[in-house]
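Written out below as structure tokens is the structure these notes cover.
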Number of protein chains: 2
Amino acid sequence: MRAKKVATDVRQEQIAMAALELVAERGIKALQVADIAKRVGVVPSAIYRHYKGKGDILDTVLQLIGQRLQENVLGVCDETSDALQRLELLLMRHARLLTTYRAIPSVIFSEEIYGGTPEQRNKASSIVKPYMRAIMRIVSEGQQAGAIRDDLHARTVAVMVMGIIQPAAIIAHLERGRFDLGNHVQQAWPVLRRGIEVR
Amino acid sequence: MRAKKVATDVRQEQIAMAALELVAERGIKALQVADIAKRVGVVPSAIYRHYKGKGDILDTVLQLIGQRLQENVLGVCDETSDALQRLELLLMRHARLLTTYRAIPSVIFSEEIYGGTPEQRNKASSIVKPYMRAIMRIVSEGQQAGAIRDDLHARTVAVMVMGIIQPAAIIAHLERGRFDLGNHVQQAWPVLRRGIEVR
DNA sequence: GCTTATTGTGAATCAGTATTCACAATAAGA
DNA sequence: TCTTATTGTGAATACTGATTCACAATAAGC
């Protein structure tokens, strides 16, 4: 049965969302045009009416992921002005995001970072760096406000914040319910806070 | 020019080492039988004289990686009995390993964990879990010895220890010399130590 | 209703990688 | 030296996934 004809901007959106879900479930490398098509409800060759190729779809997906991370940052900054609280809330939001999109860590740790072309590396960068910078900004503000030790590099702290989430997401997945990511964040954050806060 | 004939146990070893290097440089997905063969100095079809298929080579590589991580654990336990020092030394060794084998984090965070079969997930587990357990053991010993807070789950601490290294390795790679992994460990470890040590 | 640009389809093509296959060469043992 | 098991080779095959291509169908505009 032939799918209904849909305007290209609508179909592009559907394709992007389908691809995002698939990437988030299984990672980049497992993404196949045929799977996207199936999820959208068209045949694979129809995808090329709306995107030039698979690479273009992936570019869009990476943008979407980056956006979601940035939305989380904006959200916590709206919610409180206290840097330590911002970090805590950001970790919670990040954990929630990863519960929905389980494979996102593997996107960030994509093998393209190592084996890929400079172009591919730049694309991976395009997610990681802005997020890192946003966290560093929060840390710096906390240092200026006297809540966070200013003898530490903001980057060191920011990397440690990311370090709460990233390995934990993997382990949560491997442990199948015997290790809860949100729970881990609640336990790990006070440890890190103790390490970075001014006493 | 025809390669010299080599006994299969020797060739198997060569193949495994070549594959390990390639995986460590570029990750699992970029591993190709042709590249292994080239690195060993034979044609691709010769590989099948010694390994049933690519999957068997990969199994061997995963074992080798796991072994190296365990060797690091054994090494630090030989070197000192103090848990906090063990963790610090382990982090140093881990950082050193990752400087040599850059793509190892992506192996551990392999997309197979998410999208793969249960069998593939078990294989990924086979690296992560023993390493985690070893760290947890060190943490537990530190708690019993009164050096590490015993109000924390050993697992929480172990995951945080891993969290010092994993995102940092990526960022070191992306930053191209502007972010040194060993340096980060030296800065980050005291922060974590402050969070976990008994005062 | 007719025209036309756009979108959907199904088959074919292409490219890349893993693997098989049949022949060749080597090294060890008798 | 001869035999044979084992390992190396190069071509062919098989498989998978991305993409092209030509035809079909749809929806909008006149």
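Labels below follow one simple rule: chain letters A, B, ... track the order of the sequence lines, proteins then strands, and each chain is numbered from 1.
- Under the 4.5 Å side-chain heavy-atom criterion for Ile, Leu, Val, Met, Phe, Trp and Tyr, M17(B) and I65(B) are members of the same hydrophobic cluster.
- As a whole-Å value, the separation of I36(B) CD1 from dT17(C) C1' is 12 Å.
- For dG8(C), the OP1/OP2 oxygens have a side-chain nitrogen or oxygen of H50(A) closer than 4.0 Å.
- What separates CG of D9(B) from P of dT6(D) is a distance of 13 Å, to the nearest Å.
- As a whole-Å value, the separation of Q14(A) CD from dT7(C) P is 12 Å.
- We find that CG of L58(A) is positioned 14 Å from C1' of dG17(D), with the value rounded to whole Å.
- Of all non-hydrogen atoms in L90(A) and V76(A), the two that sit nearest each other are N-CG1, 3.5 Å.
- In plain terms, the two heavy atoms of R11(A) and A3(A) that are nearest each other are NH2-CB, 4.1 Å.
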Run Q187(B) and N183(B) through side chain to side chain donor-acceptor pair (under 3.5 Å) and show every step you take. CA-CA 6 Å; Q187(B) 293 177 38; N183(B) 212 323; 3.0 Å; yes

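- Rounded to a whole Å, the CG atom of D35(A) is 13 Å from the C1' atom of dA18(D).
- E88(B) CD to R93(B) CZ: the interatomic distance, rounded to the nearest 0.5 Å, is 12.5 Å.
- Looking at heavy-atom distances under 4.0 Å, L31(B) makes contact with sugar-phosphate atoms alone, never a base.
- Between K29(A) atom NZ and dG17(D) atom P the separation is 14 Å, expressed in whole Å.
- A95(A) approaches V185(A) most closely through the heavy-atom pair CB-CG2, 4.0 Å.
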Pairs under 3.5 Å (N/O, protein and nucleotides 26-30 of chain C):
from	atom 1	to	atom 2	distance (Å)
dT26(C)	O2	K5(B)	NZ	2.5

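- Rounded to an integer number of Å, the gap from CG of L22(A) to C1' of dA18(D) is 16 Å.
- dA18(C) atom C1' lies 13 Å from atom NZ of K52(B), rounded to whole Å.
- Smallest separation of non-hydrogen atoms from M132(A) and A158(A): CE-CB, 3.5 Å.
- Annotation for R149(B) and V198(B): closest pair N-CG2, 3.4 Å, computed over non-hydrogen atoms.
- Within residues 40-48 of chain A, the residues having any heavy atom closer than 4.0 Å to DNA chain D are, in order of number, S45(A), Y48(A).
- Side chains of H94(B) and L69(B) form a contact here, defined as non-hydrogen atoms less than 4.5 Å apart.
- Relative to the side chain of R49(B), the nucleotides dA18(C), dG8(D), dA18(D) differ in distance, and dG8(D) lies closest.
- When the side-chain nitrogen and oxygen atoms of R11(A) are compared with OP1 and OP2 of dG8(C), one or more of them lie within a distance under 4.0 Å.
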